[in-house]
Protein chains: 2
Amino acid sequence: MLSKKTKYAFHALTYLGKHRDQKTVLIQDISEEYGISHKFLENILLELKKAGILGSKKGKGGGYYLIKEPKDVALSKVIRLLDGPIALLPCVSLNYYEPCVECKSEAACGLNKVMIQVRDEMLKVLENKTLADILDKE
Amino acid sequence: MLSKKTKYAFHALTYLGKHRDQKTVLIQDISEEYGISHKFLENILLELKKAGILGSKKGKGGGYYLIKEPKDVALSKVIRLLDGPIALLPCVSLNYYEPCVECKSEAACGLNKVMIQVRDEMLKVLENKTLADILDKE
DNA sequence: ATAAAACCTATAACAAAGATGGGGTAATTA
DNA sequence: TAATTACCCCATCTTTGTTATAGGTTTTAT
């Protein structure tokens, strides 16, 4: 399951996507829309900004806005950013790899090999579905 | 990511699958093979037994054994048993459904709709891959 | 100058996972 | 009868991760 952080990130991105006509959107607006703590959301939006998905403007009249096109924001990117690995085991993660301590030889581990296949199938979906798909269905 | 519990369950099932020629396998043997605490593994094997995947025999010469054919033990079954939901959000889980509190209308939620698609793609893989696939690669 | 708003860091609070240990009971074999 | 081994319930403890909050700073429009 995704963490709430990641779910909130998707909500925020959806909201920003729906309000692309206006220059900026306040944290406040998003936090009220979804009942998310203002401070909690602040951290999330900041991470999305650092990842180059959002832009922001300080001071009066400031706020957040989408930098990327919705079709260029893959679900996988958001998940990895806030939740970490997509793979089901650390030993098959592309971005957060760690060996399994109990495993004598990865090359001889059937579980490892099957989980690589599972990972690749998951990535086929999560890298191709984007924020645009979410917006299309709102 | 899968919990260690689930990973250990897969290890145990793999071990049992590789030793189907012998009548029973001791908890001890599996826990030593993978360096898993005996007590921790005990609980896992018990759950697998209650789910009808394993059988057991008490007393001297006792132990655990596979009841099901490896090809009939889907990854999804083991994951759901020990880890819970496969879906990425509670509101799209088939077996552990819960509504999202922040969501006014599920029908109008684009995130919900996309995550249903993701879930179905994941299930395509996890319901078709089985213990047999793991054993084939050992 | 003032108010608005994002930015930044730290940390508290809480929950879940992981691991361990005790103390048994029940079934089975030899 | 004795030894073996799964079964069961519990309690605890540590570690980890998630969720949330606090308090201050910097930037900007008016």
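Each chain gets a letter, A, B and so on, in the order its sequence line appears, and its residues count up from 1.
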Which whole-number value in Å describes the distance from A:Gln28 CD to C:dC7 P?
15 Å
Do A:Ile134 and B:Met115 touch side chain to side chain, with heavy atoms closer than 4.5 Å?
no
Passes salt bridge (Lys or Arg N to Asp or Glu O under 4.0 Å), A:Glu33 versus B:Lys104? Steps please.
CA-CA 10 Å; A:Glu33 173 74 12; B:Lys104 281 148 200 158; 3.1 Å; yes
Side-chain donor or acceptor of A:Asp83 paired with backbone N/O of A:Ser3 under 3.5 Å
yes
Interatomic distance where CG belongs to A:Leu26 and C1' belongs to D:dT28 [whole Å]:
14 Å
Interatomic distance, A:Lys23 NZ vs D:dT28 P [rounded to whole Å]:
16 Å
So which nucleotide from D:dT5, C:dA6, C:dG18 ends up closest to the side chain of B:Lys58?
D:dT5
Starting at CG of B:Asp136, measure out to OG1 of B:Thr130 and round the result to the nearest 0.5 Å.
8.0 Å
Please figure out whether A:Leu2 or A:Lys60 has its closest DNA chain D nucleotide nearer the 5' end.
A:Leu2
Give the rounded distance in Å between these two atoms: CE of B:Met1 and C1' of C:dG18.
15 Å
Phosphate OP1/OP2 of C:dA19: any B:Tyr8 side-chain N/O under 4.0 Å:
yes
What integer distance in Å separates B:Tyr65:OH from C:dT28:C1'?
13 Å
Quick check for you: to the nearest 0.5 Å, what is the distance between B:Asp72 atom CG and B:Ile67 atom CD1?
12.5 Å
Looking at A:Lys5, I'd like to know whether one of its side-chain N or O atoms comes within less than 4.0 Å of OP1 or OP2 on D:dG17.
no
From NZ of A:Lys7 across to P of D:dT18 the rounded distance in Å is 15 Å
Nearest-angstrom distance from the residue atom OH of A:Tyr96 to P of D:dG17:
13 Å
Name the orientation class of the two ring planes belonging to B:His11 and B:Tyr34 (parallel below 30°, tilted from 30 to 60°, perpendicular beyond 60°).
parallel
Give the rounded distance in Å between these two atoms: CG of A:Leu54 and P of C:dA5.
18 Å
Both A:Ser3 and A:Gly59 contact DNA chain D. Which one's nearest nucleotide lies toward the 5' end?
A:Ser3
Would you jot down, in residue-number order, the residues of residues 33-50 of chain B having a non-hydrogen atom under 4.0 Å from DNA chain D?
B:Lys39, B:Glu42, B:Leu46, B:Lys49, B:Lys50
Residue from B:Val114, B:Leu94, B:Ile86 passing side-chain contact (heavy atoms from CB on, under 4.5 Å) with B:Arg119
B:Leu94
